[in-house]
Amino acid sequence: MTTAPTIERVTSGIGTSPVRPDGVLKLRGRFAYASDMHIDGMLWGATLRSPFAHAKIIRLDIGPALAMAGVHAVLTQEDVPGKLNFGQAVQDQPVLADGETQFWGEPIAIVAADDLKTAQRAVAAIDIEYEELEPLVDSELADTLDSVTCRPRIRRGDPDASGEIVVEGYYEVGQQDQAPLGNEAGVAIPDGEGGVDLHATTQWVHEDHAQIYPCLGLAPEQVRCHPVGMGGAFGAREDMSMHIHLCMLALATGRPVKMMFDRAEGFVGHVHRHPAKMWFRHEANRDGKLVKVEAKIILDGGPYRATSDVVTWNAAYFSVGPYVCDNVFVDAVAARTNNPPAGAMRGFGCVQSAFAFETQMDRLAAELQLDPLQLRRLNALEAGQPNSTTGQIIVGSLPTTRVLDELASMPLPPEATSDDPRHFPGGTGLTTTGADIKRGVGYGVTIKNLAFSEGFDDYADVRVVLNDTGVEVHTAAIEVGQGLVTVLQQIARSVLGIEQVNVVSNDTSRIGSAGSTSASRQTQMTGGGAYHAATALREEILERLGGDDLTNEGVWSEGSLVATLPEVVAAGPWEHEIRFRHPETFPPDENGQGDMHAGFAVAAHRAVVDVDQELGLVRVVQIDTVQDVGRVLNPDAAVGQIEGGTMQGVGLAVLEELVLDRGRIVNSNFTDYLLPTFLDAPHIEVRFVEEPDHWGPFGAKGIGEPPTISATPAVVGAIRDATGRALTRVPVLPQDIALG
Amino acid sequence: MEFSRPASTEEAAAIKAADPGATILAGGTDLMVEVNFGHASPDHVIGLRRVDDLADYQDTRIGAGVTWARLEECSHRALAQAARTVGSPQIRAAGTIGGNIGTASPAGDGLPWLAAAEAEIEVYSTTRGTRLVSWDQFFTGVKQNALADDEVITAAVLPENVPSVQEFAKIGQRSAMVISTVSACVMRDDEGSIRVALGAVAPTPIRVRQAEALVSGQSNPSEALLEEFARTVSAEVKPITDHRSTEAYRRHASGVLARRLLERCLAQ
């Protein structure tokens with residue numbers, strides 16, 4: 001009988017915050033991001049993009065571009081070697097536009113040339129004529145016209161149920177961009193045998209691979225997708241951008257080809273968060289208990305499906321929040337329009353719904369003259385109860401009430417946090433000396449599903465190896481900056497008792513899929529895989545060498561060292577590979593009911609804001625947040641995720657929106673797409689509630705998404721508290737506050 | 001692309017006269033944005049960084065090459081306040097007041113102060129020598145000015161009696177590093193005359209003369225007069241709606257901001 005691994009045996013195991021293996025390199029500017037890649041003899045690619053949201057291509061002549069010195073290839077839809085369309089669940093997006101363009105910036109032709117300038121000049125030299133068509137840019141009209149990709153529908157309980165209090169509202173969420181600092185970039189390298197190696201920004205190399213090789217008309221083994229250094233993703237890289245184009249150009253020229261989007265092209269080249277229009281009706285009794293929630297949710301997916309259907313289902317599944325309600329009726333729509341393509345972004349549908357349902361909860365609390373947190377506590381959904389929308393009994397932990405109580409116990413900031421005018425609303429603009437400021441407090445609470453849902457075969461392949469370099473954890477999971485490589489090291493250290501752990505990032509030919517770095521899932525999925533593979537490897541080692549414990553020193557038996565670590569290694573090879581799956585999930589029935597989700601987490605935010613109402617300027621002073629994390633594996637990384645997620649929610653609340661004009665983005669730059677600066681960042685206090693979950697490693701839950709979801713309604717609620725304005729649309733703009 | 005690096009104002013003007021289509025580069029904080037967005041692809045750039053005398057700062061003559069970082073420390077209180085609102089520290093270390101004048105953006109952060117101070121823009125050409133153009137003659141439209149093709153901007157020249165009571169404020173949607181939605185500068189001279197200049201609410205920086213007349217000489221205006229002042233400012237500005245804000249908000253905020261700055265000046 002072997003002893004359980006004792007996690008205290010290693011110094012940098014779980015529960016600690018060791019130095020990240022990529023941390024020093026990144027701080028010193030020496031980390032190789034995708035945009036840094038260079039190969040001698042490589043060509044540069046550039047893309048001709050539609051200047052209209054909707055247009056017919058009347059004439060397309062690549063001749064003038066092809067005739068230019070230094071231009072090696074100009075390719076159009078006619079040159080796509082295999083399948084003409086790509087996409088995740090459904091392949092409905094043309095690799096290059098086929099006669100008609102469906103969104104502003106849609107790729108029409110691609111060029112490879114000796115250098116970037118030549119490639120850009122060649123793009124400009126392509127002779128093309130368009131006939132502009134009327135773009136469909138109103139998602140509500142798209143719903144009316146039945147231009148939709150799916151209509152999720154939830155029917156639970158009694159449609160005739162009614163409450164004593166009714167609160168009804170219409171809400172909008174503008175289009176947020178993931179705005180990762182690292183732009184899209186990649187290099188494709190022909191292998192000389194008709195195949196290609198692709199190194200490009202991504203969140204999931206195996207999904208890219210599955211979509212790329214059919215479009216290239218190649219066998220799966222002829223295409224290899226490699227992880228690259230990522231400067232963020234937040235969902236933007238779950239759908240492909242330049243990937244197939246790079247491979248086409250590399251195969252057509254026989255040379256390595258690099259593409260690198262600048263900031264403006266990045267805003268056009270990746271998918272964004274779905275803008276939303278939402279009607280919500282809440283009915284409750286005078287005691288504060290929810291009786292019925294009805295909602296209509298329209299998400300604008302742009303012209304292609306991408307992940308729209310799943311995002312829209314998610315918006316429906318989490319349209320009530322972590323609250324008990326027996327009667328729920330939701331109609332959601334993924335509208336198909338000529339607006340910029342929407343896809344995955346941190347929060348994945350829940351962000352939109354949470355802004356609406358949390359505003360509704362605030363309004364209900366006001367009607368009932370209840371403290372907003374008290375109303376939420378009265379309705380708190382806990383483990384063992386059915387989720388209000390789907391009827392799924394919540395398995396695992398869901399400490400909603402504990403999270404709310406912990407938040408309530410956190411101290412409020414002092415009345416005047418600063419006498420530095422830069423910390424007043426308006427900041428360095430010196431718009432106020434302080435006399436015009438009113439303070440407000442608001443709350444946001446959310447529930448989020450963890451990992452993939454709805455019967456998707458969600459797995460992560462992990463191989464753990466012990467050799468003379470120490471332990472290796474092999475995975476194709478993508479580190480996007482969130483700290484996965486660190487937490488995988490920590491898990492392997494704690495299980496195996498061995499300090500030296502390297503994470504080996506594999507391409508698609510060397511290991512199976514790790515699934516996407518999204519859905520808050522990698523700590524649980526690839527981390528779970530690492531946990532189970534390392535545990536199995538430890539068992540094998542102890543069994544073969546007759547020991548009962550493994551440490552940095554080697555194998556022990558009844559307190560005596562029976563084999564030193566070098567002796568253990570020499571007795572190898574030691575390798576264990578597993579395919580880790582979370583508990584099975586199922587697709588919804590016709591009423592949107594069933595066990596669709598593998599697990600859940602709750603997060604709650606309290607925002608304190610100072611508002612200069614006359615000018616409509618807001619300073620978010622402090623955010624206190626409590627998150628249900630299962631178990632904290634790396635406290636610093638967890639705080640980092642929660643602070644970063646919170647800031648993305650703050651950005652959506654008061655700053656971030658892609659401004660559209662007939663489907664064209666008019667602010668595709670960091671001058672006008674405003675992200676919060678450090679001066680806009682509030683002080684953030686983070687607390688964890690640790691109630692181990694049923695399947696994550698050591699009971700851990702994913703933590704990436706929830707903070708983004710509940711931060712936004714908390715900030716807007718606080719602005720409402722200060723101003724009395726209704727504020728039914730985010731981002732809240734100065735004119736919304738000043739002029740009402 | 002040709003790149004010239006003159007060592008003196010005369011040399012710079014001579015190069016410009018020889019190639020009137022050449023583009024002047026000072027800090028590059030406006031020009032490089034245009035280049036990066038593909039809106040400008042100059043054939044000939046004249047870099048001014050080596051022209052030392054352009055970077056000379058005096059209280060009554062601010063060289064065109066003086067950076068925002070330097071102006072943050074200058075003795076003109078409201079100009080220093082305006083300088084602090086320009087971009088990031090890196091931008092302020094590179095960008096110059098001459099660039100702000102040359103670009104002539106309605107949102108130029110230094111321009112309301114120049115308007116309130118009644119600055120003259122000093123320009124130089126090899127054929128005509130030095131010429132002074134008053135600020136309201138110099139700024140002629142959105143990103144348009146009275147600079148001739150053979151001229152370079154050499155300085156902002158100020159009257160001896162720029163009021164020392166002066167306040168600047170700027171509205172942007174975030175706390176720093178943001179393009180102005182509305183900016184304003186108010187000055188009060190020793191006789192109690194009030195000057196009110198605003199930016200980003202008209203094609204050029206503007207003075208609101210009717211509003212100024214209402215409150216000039218009033219050391220303790222009534223609440224009613226202050227409200228009328230704000231309303232008059234709102235009526236006098238000529239803002240537009242664009243992706244950064246709306247006409248209605250800019251009008252409203254112009255009045256609020258001008259009133260607040262007036263009250264700050266009166267309290268001094």
Side-chain angles (χ1 to χ4, degrees), chain A residues 117 120-121 123-124 262-265 421-433 435-436 612-620 650-651 654-661 664-681 731-739, chain B residues 1 29-30 33 36-39 41 72 77-78 80-89 91-92 107 109 167-185 230 241-261 263-264 267:
Chain A
K117 278 282 166 217
Q120 288 169 340
R121 283 196 202 101
V123 163
D262 63 12
R263 186 60 60 191
E265 193 169 17
R422 293 178 305 165
H423 294 156
F424 296 153
T428 58
L430 305 178
T431 47
T432 178
T433 51
D436 317 286
D612 177 343
Q613 182 160 4
E614 206 177 14
L615 288 177
L617 301 176
V618 175
R619 154 93 185 159
V620 184
V650 169
V654 291
L655 289 172
E656 295 183 44
E657 180 176 11
L658 292 171
V659 181
L660 302 178
D661 176 19
R664 184 175 67 93
I665 304 170
V666 300
N667 60 338
S668 55
N669 57 68
F670 277 168
T671 304
D672 284 317
Y673 184 88
L674 297 177
L675 296 163
T677 68
F678 270 101
L679 207 46
D680 299 285
V732 174
L733 304 177
Q735 54 263 35
D736 302 332
I737 298 169
L739 305 178
Chain B
M1 188 193 78
T29 58
D30 283 337
V33 172
N36 289 338
F37 285 170
H39 299 158
S41 48
E72 277 186 79
R77 173 181 167 86
Q81 290 168 333
R84 173 62 184 88
T85 71
V86 175
S88 61
I91 295 294
R92 295 198 290 277
D109 291 316
E167 294 287 335
F168 173 88
K170 160 177 156 179
I171 297 173
Q173 211 182 323
R174 68 182 172 195
S175 293
M177 278 180 67
V178 65
I179 291 179
S180 168
T181 303
V182 177
S183 62
C185 181
T241 293
D242 62 12
H243 59 276
R244 295 196 187 112
S245 191
T246 62
E247 181 196 337
Y249 176 78
R250 284 184 165 119
R251 263 191 206 288
H252 163 81
S254 295
V256 172
L257 208 55
R259 178 190 160 155
R260 287 186 186 178
L261 295 182
E263 290 183 277
R264 282 180 216 173

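Predicted, not measured: the structure shown is a model, and the values here were computed from it. So that the names make sense, note that chain A is the first sequence line, chain B the second, and so on, each numbered from 1.
The contact between B:Ile179 and chain A is made entirely by side chain atoms (from C-beta outward), counting heavy-atom distances below 4.5 Å. Only the side chain of B:Val178 comes within less than 4.5 Å of a heavy atom of chain A; its backbone N, CA, C and O stay farther away. Contact of B:Asp242 with chain A is not made at all, since no heavy-atom distance falls under 4.5 Å. Interface residue B:Arg264: only side-chain heavy atoms are found under 4.5 Å from chain A. If you measure heavy-atom distances from A:Val654 to chain B, the contacts under 4.5 Å come from the backbone alone. Of the atoms belonging to B:Ala184, not a single heavy atom falls under 4.5 Å from chain A.
Residues B:Arg260 and A:Glu614 form a side-chain contact, since some pair of their non-hydrogen atoms from C-beta on lies under 4.5 Å apart. Proximity of B:Phe168 to A:Leu430: side-chain heavy atoms (C-beta onward) are nowhere separated by under 4.5 Å. A heavy-atom distance below 4.5 Å is found between the side chains of A:Leu615 and B:Tyr249.
Considering only residues two or more places apart in sequence or on other chains, B:Gln173 meets the side chain to side chain donor-acceptor pair (under 3.5 Å) condition with none of them. Annotation: side chain to side chain donor-acceptor pair (under 3.5 Å) contacts of A:Thr433 (sequence neighbours excluded): none.
The candidate from B:Arg174, B:Gln81, B:Lys170 with the greatest count of non-hydrogen atom pairs under 4.5 Å with chain A is B:Arg174.
Of all the heavy atoms in A:Gly429 and B:Thr85, the pair that sits closest is CA-CG2, 4.0 Å.
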